[in-house]
**Q** 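If you scroll down you'll find the structure; I have some questions about it.
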Amino acid sequence: MMTIKPEAYIRSIGKSVVKKVGTRSEKIIDLSLNESSFGASTLALEACQKRCSRLFRYPDPASTDLRNAIGQAFDLDPERIACGNGSEELLDIIGRLYAGRGDEILYSENSFMQFPIVAMRVGAKAVTSHEKNLTTVVDALLEKVSDKTKIVFLANPNNPSGTYVPKNEVKRLRDNLPRSVVLVLDSAYCEYVEASDYSDGLELVEGFENVVVTRTFSKAWGLAALRVGWAYASPSMIGVINRMRGIGNVNAIAQDGAIAALGDPDFVKMVCQRTCEERQWLTSQLIPLGLLPIESATNFLLVEFPAEANHSAGAAIGYLEKFGVAVRDVDDYGLDEYLRITIGLREENQVLIDGLRQFMA
Ligand SMILES: Cc1ncc(COP(=O)(O)O)c(C=O)c1O
């Protein structure tokens, strides 16, 4: 079983940043970070610009209007919502609140890399469970629960695989976990999921003091630069998250941009529909080339490359750079034969496919 090394994660983030601000020109087609390729609502952009005339004012430290807007949009009690500087901040706070030295943090083996990072930061042991077909197996997770387990993280759908766990299975996980274990349902990519047996987890929080859902504006809402995430949980858990987070952790432009974005749900629907169409198109183009995408519920594809050195995933990365296309290797997971590719606009996807066709010839 492969355990992700946190140093590798930090290295890979570093790599991306260097590419972005260093060697990359504006013309680079960046399909490496799972950002939305479809931009943000014009309402959000206008709200951000408008807020620039009042930059001398601090943000609302409680993100009150934003929590109210989220509550209204998703029919939730705003008092049970905490906002973060990206959902990443909230995952980190949850880790610091509920786990420490000598404790265990549990997640499925190819889960989001933030989870081992959180474990490392708080000095807890990262414990992983095995997967089937790159998908979380609930029984495998349950088998690894010990009296030291303090947090179970489930990214659903997962990054980097793009696979999801159906609602009934997540419910079974929740119901079989001791109430002393915090279950974190990281639903960063939930907007993209079309399957009817999926749940973003919000309904699974009711009546469970130990369940928290995290969401983000970074993906389908197209506001990655603003860093806005939110958590939904019991009032007591939200209370402690709020005491742990920094004052003004969500800046004023970010709050206003996210509020305005919530007022344009049709934009997100359009983004998800186009993402799904492009994902299908990419899949239809990749398979004849002998490249095998894992079925994804998200805005990215994990694609398996052949083992031969000249057609390998590692060789493809360098080859695609010549076409100005950046994709993400997943060697840190031990998935050396795969690349993770964000769904781009059609013209971007076409450049990717042209490059891969030549690469595979
Ligand atoms: C599964 C998952 N959760 C959370 C995040 C973090 O998102 P945010 O931008 O809200 O910090 C990501 C980002 O890629 C992700 O893939």
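Just so you know, ligand 1 is whichever comes first in the structure, and atom 1 is the first atom listed for that ligand.
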**Q** Enter the distance from Glu89:CD to Cys83:SG here, rounded to the nearest 0.5 Å.
**A** 10.0 Å
**Q** Could you pull out, from Asn159, Asp186, Asn85, Asn156, the option with a heavy atom nearest to atom 2 (C) of ligand 1?
**A** Asp186
**Q** For atom 10 (O) of ligand 1, what is the nearest protein heavy atom, given as residue, atom name and distance?
**A** Thr216 OG1, 2.5 Å
**Q** Under a 4.0 Å heavy-atom limit, does Ser87 contact ligand 1 with its side chain, its backbone, both, or neither?
**A** both
**Q** Please identify which atoms of ligand 1 are closer than 4.0 Å to at least one heavy atom of Lys219.
**A** 13 (C), 14 (O)
**Q** Using a 4.0 Å cut-off to any heavy atom of Ser218, which atoms of ligand 1 qualify?
**A** 8 (P), 9 (O), 10 (O)
**Q** Would you mind running through ligand 1 and noting each atom that sits below 4.0 Å from a heavy atom of Ala188?
**A** 2 (C), 3 (N), 4 (C)
**Q** Kindly indicate whether the side chain of Phe208, heavy atoms from C-beta on, has any atom under 4.5 Å from the side chain of Asp175.
**A** yes
**Q** State whether Glu104 and Lys144 are salt-bridged, where the test is any N-O pair (Lys NZ or Arg NE/NH1/NH2 against Asp/Glu carboxylate O) under 4.0 Å.
**A** no
**Q** Which part of Arg227 is near ligand 1, with near meaning a heavy atom under 4.0 Å away: side chain, backbone, both or neither?
**A** side chain
**Q** Sequence neighbours excluded and cut-off under 3.5 Å, please list the side-chain donor-acceptor pairs for residues 298-310, or say none.
**A**
residue	atom	partner	partner atom	Å
Thr298	OG1	Ser296	OG	2.7
Thr298	OG1	Phe300	N	3.2
Thr298	OG1	Phe300	O	3.1
Asn299	ND2	Asn34	O	3.1
Asn299	ND2	Glu35	O	3.4
Asn299	ND2	Tyr192	OH	3.4
Glu308	OE1	His311	ND1	3.2

**Q** Check this for me: does any side-chain nitrogen of one of Glu169 and Arg172 sit under 4.0 Å from a carboxylate oxygen of the other?
**A** yes
**Q** Taking only heavy atoms of Gly86 into account, list the atoms of ligand 1 that are under 4.0 Å away from them.
**A** 10 (O), 11 (O)
**Q** Answer yes when Arg121 and Asp92 have at least one side-chain N-carboxylate O distance shorter than 4.0 Å, and no when they do not.
**A** yes
**Q** Which residue holds the protein heavy atom closest to atom 12 (C) of ligand 1, what is that atom called, and what is the gap in Å?
**A** Phe112 CZ, 3.3 Å
**Q** Below 4.0 Å from any atom of ligand 1, is there a heavy atom belonging to Gly229?
**A** no
**Q** Is a salt bridge present between Asp200 and Arg215, judged by a nitrogen-to-oxygen distance below 4.0 Å?
**A** yes
**Q** So, regarding Tyr189 and ligand 1 (criterion: nitrogen or oxygen to nitrogen or oxygen, under 3.5 Å), is there a contact or not?
**A** yes
**Q** For Glu89 and ligand 1, answer yes if some heavy atom of the residue is under 4.0 Å from a ligand atom, otherwise no.
**A** no
**Q** Within the 4.5 Å heavy-atom criterion, are Thr283 and Ile287 side-chain neighbours or not?
**A** yes
